[in-house]
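Following: one structure in structure tokens, then a few remarks.
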Amino acid sequence: MHTPNPLPLSFYQHHDVVYLAKTLLGKVLLTHIDGHLTGGPIIETEAYWGVEDRACHAYGGRRTKRTEVMFRKGGIAYVFLIYGLHSCFNIVTHCEGHPHAVLIRAIKPTIGIETMLQRRNKIKLDKTLTSGPGSTAQALKITTALTGIPLDRPPIWLEDRGIQVKKFEATPRIGVDYAGEDARLPWRFVAEIA
DNA sequence: CTAACGATTCGCT
DNA sequence: GCGAATCGTTAGT
């Protein structure tokens with residue numbers, strides 16, 4: 001059995017969530033759930049800049065049962081349900097009281113492909129297996145029940161396996177048209193990896 | 001309590 | 001390209 005080599009919680013406590021969203025590209029996201037190891041390198045992220053960011057769930061200091069975990073110290077999971085159907089997995093960053101987070105939008109499916117195909121009701125491997133936040137969370141079996149858990153150990157953790165990001169693109173974030181000016185910020189990052 | 005809607009996905013046209 | 005699926009969260013009564 002593979003031994004986890006997780007990034008430490010301190011990694012996520014950097015004050016600049018945009019820097020972290022870029023730096024997370026190429027890091028390997030892993031889950032070990034129901035006895036299955038699944039994961040792959042992160043290839044798409046979005047940064048959400050706390051109370052100042054109109055696109056962020058915690059904008060203006062909005063503190064509710066759902067957003068509460070965003071206010072905790074960085075290094076934990078923020079998982080929410082969207083459209084009553086799909087889970088979105090985020091990494092809470094920065095320190096306590098600063099509700100910043102990185103949304104994991106896509107990974108390259110490389111580890112536990114058979115399990116991920118089953119969870120996604122798919123037959124053939126292609127990039128659509130883990131190509132958006134909902135599908136990535138489903139393939140990894142990350143659900144809202146896991147919100148708030150630390151990310152330096154199973155069932156969810158990240159590793160630096162030295163994967164090279166050849167180049168990456170910065171674009172506006174997806175589906176945040178309600179955010180006015182902030183909808184145009186180039187805080188979505190899409191990587192090309194080796 | 002009620003009602004509108006969302007950091008999406010998939011199938012059909 | 002368009003719209004349905006489907007329900008917890010949110011804000012307002």
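All heavy atoms count here, side chains included; hydrogens, waters and symmetry mates do not. Here is how names work: the chains are called A, B, and so on, in the same order as the sequence lines, proteins then strands, and each is numbered from 1.
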Any pair with a residue in [range] that passes salt bridge (Lys or Arg N to Asp or Glu O under 4.0 Å), sequence neighbours left out, goes on the list, sorted by first then second residue, please.
range: residues 119-147 of chain A; value: D34(A)-K141(A)
range: residues 64-76 of chain A; value: R63(A)-E68(A)
range: residues 75-101 of chain A; value: none

*List DNA chain B stems (3 or more consecutive Watson-Crick/G-U pairs, under 3.5 Å)?*
B:1-6 with C:7-12, B:8-12 with C:1-5

*What pairs meet the ring-ring contact (aromatic ring centres under 6.0 Å, His included) rule with one or both residues in residues 110-129 of chain A, with sequence neighbours excluded?*
none

*Enumerate the residue pairs fulfilling ring-ring contact (aromatic ring centres under 6.0 Å, His included) with a member in residues 126-150 of chain A, sequence neighbours excluded, ordered by first and then second residue.*
none

*asked:* Taking side chain to side chain contact (heavy atoms under 4.5 Å, CB included) as the criterion, tell me which of V176(A), D182(A), T93(A) meets it with Y48(A).
replied: V176(A)

*Spell out, as yes or no, whether a donor-acceptor pair under 3.5 Å connects the side chain of Q13(A) to the backbone of H94(A).*
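Side chain of Q13(A) to backbone of H94(A): no pair is present.
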
*Supply the atom-to-atom distance S87(A) OG to I142(A) CD1, rounded to the nearest 0.5 angstrom.*
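Spacing of OG (S87(A)) from CD1 (I142(A)) equals 9.0 Å.
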
*Inter-residue atom distance L24(A).CG - D160(A).CG, 0.5 Å rounding*: 10.5 Å

Less than 4.5 Å apart, side chain to side chain, heavy atoms only: is that true for [X] and [Y]?
X: F80(A); Y: N90(A); value: yes
X: I123(A); Y: L117(A); value: no
X: W157(A); Y: L7(A); value: no

*asked:* Over 60° means perpendicular and under 30° means parallel, so tell me whether Y78(A) and H57(A) are parallel, tilted or perpendicular.
replied: perpendicular

Return the residues of [range] meeting this criterion: a heavy atom under 4.0 Å from some atom of DNA chain C. Order them by number, or give none.
range: residues 51-82 of chain A; result: R62(A), T64(A), R66(A), T67(A)
range: residues 92-112 of chain A; result: none
range: residues 130-146 of chain A; result: none

*Does the separation of the ring centres of Y19(A) and H14(A) fall below 6.0 angstrom?*
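Y19(A) vs H14(A): aromatic centres under 6.0 Å.
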
*Establish whether I156(A) and V92(A) are linked, either directly or via other cluster members, by ILVMFWY side-chain heavy-atom contacts under 4.5 Å.*
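Hydrophobic grouping puts I156(A) apart from V92(A).
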
Side-chain donor/acceptor pairs under 3.5 Å, residues 184-194 of chain A, sequence neighbours excluded:
| residue | atom | partner | partner atom | Å |
| --- | --- | --- | --- | --- |
| R188(A) | NE | E44(A) | OE2 | 2.8 |
| R188(A) | NH1 | T171(A) | OG1 | 3.0 |
| R188(A) | NH2 | E44(A) | OE2 | 3.2 |

*Using atom P of each nucleotide, how far apart are dA4(B) and dA4(C) to the nearest Å?*
16 Å

*Taking the P atom of each, how far is dC5(B) from dG3(C), in whole Å?*
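These two P atoms come out 16 Å apart once rounded.
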
_Please identify the 5'-most and 3'-most nucleotides of DNA chain C with any atom under 4.0 angstrom from a heavy atom of chain A._
dA5(C) to dA11(C)

*Would you mind checking if R54(A) and E181(A) are paired as a salt bridge, meaning a charged N to carboxylate O distance below 4.0 Å?*
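A salt bridge is absent here (no side-chain N lies under 4.0 Å from a carboxylate O).
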
_For chain A and DNA chain B, what are the first and last nucleotides along the strand, 5' to 3', with at least one atom under 4.0 angstrom from a heavy atom of the protein chain?_
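The footprint of chain A covers dG6(B) to dC10(B).
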
